[in-house]
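Computed over heavy atoms, backbone and side chain alike; hydrogens, waters and symmetry mates excluded. Numbers for residues simply follow the sequence, beginning at 1.
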Amino acid sequence: MPHAVIVDDNLESSETLAILLEMEGYSAATAASLGDARRQLVEHRPDVMVLDRALPDGQGMDFISEALSTGPMTIVMLTGTSDPGDAAEAIRRGAAAYLVKPATIDQLKAVLERAPQSA
């Protein structure tokens, strides 16, 4: 079963997304900060990471390369900021997609279906 980690300081949003991903066949965990995300990477490296742009202890954009250094995974930036420059930068850094909140589960599924390491 593929594993996903949702990194977002909005607990309600991340828990809802975790439930939706579980309904799609993923095991899912949440992290409210980059520190929590680092712990998740050690405990159970995910196949998919859904990463918010702004977190209490740093920027998700800066975390992309660190997360990818632990091994292959699909990273989806999910943010409230609709900025084409940010989107291009996220992709350049290794994200598979840049989705703007409120993104739908169908938008996320479309990204995950294209990703080679997703089940």
Using residues 102-110 as the side-chain source, report each donor-acceptor pair under 3.5 Å to any protein atom, sequence neighbours left out, with the distance given to one decimal.
unit_1: T104; atom_1: OG1; unit_2: D106; atom_2: N; d: 3.4
unit_1: T104; atom_1: OG1; unit_2: Q107; atom_2: N; d: 3.1
unit_1: Q107; atom_1: OE1; unit_2: T104; atom_2: N; d: 2.7

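Annotation: E43, atom CD; neighbour count of heavy atoms from other residues, nucleotides and ligands within 6.0 Å is above 12.
Proximity of a side-chain donor or acceptor of T70 to a complementary backbone N or O of A67 within less than 3.5 Å is detected. Side chain of D57 to backbone of G35: a donor-acceptor contact under 3.5 angstrom is found. Judged by distance alone, with hydrogens and angles left aside, the side-chain atoms of R45 form a donor-acceptor pair with the main-chain N or O of P72 at under 3.5 Å. For R93 (side chain) and M61 (main-chain N/O), a donor-acceptor pair under 3.5 Å exists by modelled atom type.
In this structure, E15 and L17 have side chains that are not in contact, with every pair of non-hydrogen atoms separated by 4.5 Å or more. Side-chain atoms of D8 and K101, non-hydrogen and from C-beta on, do get closer than 4.5 Å to each other. Looking only at side-chain heavy atoms (C-beta outward), V7 and M49 come within less than 4.5 Å of each other.
Closest heavy-atom contact between V100 and T81: CG2-O, 4.1 Å. Closest non-hydrogen pair, A32 versus P56, comes out as O-CD, 3.5 Å.
Every residue was checked against the side-chain hydrogen bond (donor to acceptor under 3.5 Å, both in side chains) condition with D9, not counting sequence neighbours, and none meets it. Residues satisfying the side-chain hydrogen bond (donor to acceptor under 3.5 Å, both in side chains) criterion with E24, sequence neighbours excluded, are absent altogether.
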